[in-house]
Amino acid sequence: MSLIHLENIHKTYHAGAPLHVLKGISLDIERGEFVSIMGASGSGKSTLLNILGILDNYDEGEYRLNDVLIKNLKESRAADYRNRMIGFIFQSFNLIPFKNAMENVALPLFYQGVGRRRRNALAMEYLERLGLRDWAHHLPSELSGGQKQRVAIARAIITHPQIILADEPTGALDSQTSVEVMELLRRLNEEGMTVVVVTHESGVAYRTHKIVHIKDGLIGKIEENPNPGASPFGEGGLMK
Amino acid sequence: MGDLLQEIFAGLRRNKLRTALTGCSVSVGIFLLIVLLGAGNGLIHAFEANSGQMAMDLLRVWPMQTSRPYDGLETGRTVKLDNRDLRVAENAFPGRVTGVDATVSQSGVRLSRGDRSLSGSLKGVYPDHMTMHKGKLVEGRYISPLDMRERRKVVVVGRRTAEELCGNVGRAVGSYVRVDSAAFRIVGVYADQGQMGSVEAHVPFSTLQLIYKKGTNLEEMSLRTRGVDTEEADEAFQQDLRRVLGKLHRFDPADESALWMYNSSTGARESAEAMNILRNALWVVGLLTLLSGVVGISNIMLITVKERTHEFGIRKALGARPWSILRSVLAESVIITALFGYVGLVLGVAATEYMNVLSGQRTVSVADMEMTVFLNPTVDLGIALRALAVLVVAGLLAGFFPARKAVRVKPIEALRAH
């Protein structure tokens, strides 16, 4: 039983002229995989990620996450699934600007009803794991891009989700930091977390174990990458 | 709850100026509501104080003309009430009539003392006349039952008459005045409230009837009543009275024009109604003022929600349920409204207290009667609490549409917003 099971997913946007973005995506992602979805801009990869993250709905087909059918959920139900099953990492970090790093990390626990003391303690624990202990009380505006993304990663994993969804996680970072962030994701995967990265950069994609090429709303080919270390740019090398 | 409040206050701190400006409109609204209600209370209290000076339990009866044929008699007969009717009215309704008074009057009377004289009228009254009509004695005594029985030539004059004839009020009591050709002893002086111009002296009813040859007829009868202050009781009593007097004077008990009756509690009832209307009107004006403040809050909440759309998107992605978003917007709205409303409430109460100190006892003189025009213009705790309840509801109302807007936007759209 796959963790993610997509079957013939269709999605059309109706802003002005109808835009058929996803034209029948079928994909299975197993528990513990480290997958990237790669494609040019406009290929539908972000739409696919939004559907995977229950941030958007789809028109046709079937999406099962952890054997739960995700279709036409009520918003409160969807919120619960997002909270407990999915950890998001965004290109623009999406930290709440007036909350400090610790509060940002603790926020998902707030929506689980965890008490302030306990969730702040847990947030500190995760920040420490990511080497940000000293920045716990800084606002996002006082952090560098890499630090912000590490805060976002801490926030994504604090609820022990089934899956991490990363949307262009290195898009706003320089190459050095990008390598660090990808390394973090790899370590998370090694600890057993399923990670899905959406990117248009091959340097990022080739650090994952499986590359799903998407083009014009259809899956082109699925490439196995048994040796991510031997990426075209080499370990610790430039990804951009 | 603590988390919620902390988030809201953090949010308010970020937009201090905007929050303060908007909040001011609510403060002003509730301030005006309180001041209006306070001022209205000042008028209402003054009115109540004044009406305390008026008799509220009198049924006054004047004999008129019949308008229906009855018992073989044609219409248009003049009804004449006499001394007997007074006894009958008193005895027929022992529970409802607690005092009687009748008057008969003589106008064009000359009152003189030494070389000073006045022309005016005499009013023959019963001993209870003064207390029943809430008159005030300033000196001496009023007509007594003994005066009545012995038909004494005693007179109670108005204050101005006393001053005119005797120089001052103190000297008047005990002295004699000529009333036309008879000498009357002044036994008391009453406050001639609001009577402008006319000179009216009170003498015993029986004396006037005798001297001026009025026979046994009376001009007006007043009954002090008990328990007929509701409309139904008043109606019933008037019917009973018509039936009893109709039997004596042979007119149709259903003939409303045979006797003209006026129950003073009718006036009290009507003015109570007027006061209610005034009070409601003040509430309406105050609430409308408050409404403009609430619309302001609603507006600012809409802007806040728009600004925070991206943040709400993040929160939704992290698992915020719709209720959580709704609650935070509503709570913010209620807190702004309640906070600034409370400030307005306190200022409003302070203003009414100041008003009370400044003009809480303002009176004007009508003739020689003091009329209170403004008394205790403050609001009580009940009104303040009601105003607070209104505020909370207003806050909920102001926040509702913005909150719904925040909830309805889809997470992916909210995340894209910038």
Side-chain angles (χ1 to χ4, degrees), chain A residues 11 13 15 46-47 49-58 73-100 103-117 119-120 139-140 152 155-156 158-159 161 165 167, chain B residues 1-19 301 303-332 335-336 400 402-418:
Chain A
K11 172 78 183 174
Y13 284 119
S46 283
T47 304
L49 188 87
N50 290 334
I51 289 170
L52 288 178
I54 330 180
L55 293 170
D56 206 349
N57 46 20
Y58 52 96
L73 295 179
K74 282 182 72 173
E75 180 49 32
S76 58
R77 198 72 181 281
D80 279 355
Y81 287 157
R82 282 197 293 270
N83 182 257
R84 288 172 193 278
M85 300 211 273
I86 300 164
F88 288 100
I89 298 167
F90 300 96
Q91 176 176 3
S92 53
F93 322 122
N94 280 343
L95 300 176
I96 292 179
F98 54 87
K99 287 183 177 295
N100 67 30
E103 289 165 338
N104 264 293
V105 173
L107 197 56
L109 295 177
F110 169 69
Y111 292 119
Q112 288 186 2
V114 177
R116 174 194 302 275
R117 191 174 307 217
R119 63 175 196 262
N120 283 350
L139 290 177
R155 183 179 66 179
I158 197 166
T159 56
L165 295 179
D167 186 7
Chain B
M1 196 60 204
D3 286 321
L4 186 65
L5 287 180
Q6 205 171 28
E7 293 220 341
I8 286 165
F9 282 111
L12 294 185
R13 268 199 297 279
R14 265 175 290 130
N15 292 305
K16 270 190 216 117
L17 180 67
R18 193 171 76 189
T19 310
M301 291 308 298
I303 295 176
T304 305
V305 161
K306 198 165 169 57
E307 277 183 2
R308 291 179 65 188
T309 304
H310 184 67
E311 179 202 328
F312 289 144
I314 299 173
R315 288 173 183 270
K316 284 176 180 182
L318 296 182
R321 290 167 162 221
W323 165 237
S324 151
I325 306 271
L326 191 81
R327 191 181 55 179
S328 78
V329 176
L330 281 182
E332 183 172 334
I335 282 173
I336 299 183
F400 178 71
R404 201 176 57 168
K405 190 177 149 79
V407 166
R408 279 193 176 169
V409 58
K410 284 204 296 188
I412 185 64
E413 283 159 15
L415 272 175
R416 281 198 204 112
H418 263 296

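Order of the sequence lines sets the chain letters (A, B, ...), proteins ahead of strands, with each chain counted from 1. The basis for the numbers below is simple: all heavy atoms, side chains too, and nothing from hydrogens, waters or symmetry mates.
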Which bit of A:Leu95 is near chain B, if near means a heavy-atom gap under 4.5 Å: side chain, backbone, both or neither?
-> backbone

Please report all inter-chain donor-acceptor pairs (under 3.5 Å) between chain B and chain A, with distances to 0.1 Å.
residue: B:Asp3; atom: OD1; partner: A:Arg116; partner atom: NE; Å: 3.4
residue: B:Asp3; atom: OD1; partner: A:Arg116; partner atom: NH2; Å: 2.3
residue: B:Asp3; atom: OD1; partner: A:Arg119; partner atom: NH2; Å: 3.1
residue: B:Asp3; atom: OD2; partner: A:Arg119; partner atom: NH1; Å: 3.3
residue: B:Asp3; atom: OD2; partner: A:Arg119; partner atom: NH2; Å: 3.3
residue: B:Gln6; atom: OE1; partner: A:Arg116; partner atom: NH1; Å: 2.9
residue: B:Gln6; atom: OE1; partner: A:Arg116; partner atom: NH2; Å: 2.6
residue: B:Glu7; atom: OE2; partner: A:Lys99; partner atom: NZ; Å: 2.6
residue: B:His310; atom: NE2; partner: A:Asn94; partner atom: OD1; Å: 2.8
residue: B:Arg315; atom: NH1; partner: A:Tyr111; partner atom: OH; Å: 2.8
residue: B:Lys316; atom: O; partner: A:Arg82; partner atom: NE; Å: 2.8
residue: B:Lys316; atom: O; partner: A:Arg82; partner atom: NH2; Å: 3.2
residue: B:Leu318; atom: O; partner: A:Asn83; partner atom: ND2; Å: 2.7
residue: B:Arg321; atom: NE; partner: A:Asp80; partner atom: OD1; Å: 2.9
residue: B:Arg321; atom: NE; partner: A:Asp80; partner atom: OD2; Å: 3.4
residue: B:Arg321; atom: NH2; partner: A:Asp80; partner atom: OD1; Å: 3.4
residue: B:Arg321; atom: NH2; partner: A:Asp80; partner atom: OD2; Å: 2.4

Heavy-atom closest contact (B:Ala320 atom, A:Ala79 atom, distance) | O-CB, 3.4 Å

All ring pair (Phe, Tyr, Trp, His ring centres under 6.0 Å) counterparts of A:Phe88, not counting sequence neighbours = A:Phe90

Could you list the residues that satisfy side chain to side chain contact (heavy atoms under 4.5 Å, CB included) with B:Ala403, not counting sequence neighbours?
->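 If we apply the side chain to side chain contact (heavy atoms under 4.5 Å, CB included) test to B:Ala403, skipping adjacent residues, the hits are B:Leu326, B:Val329, B:Leu330.
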
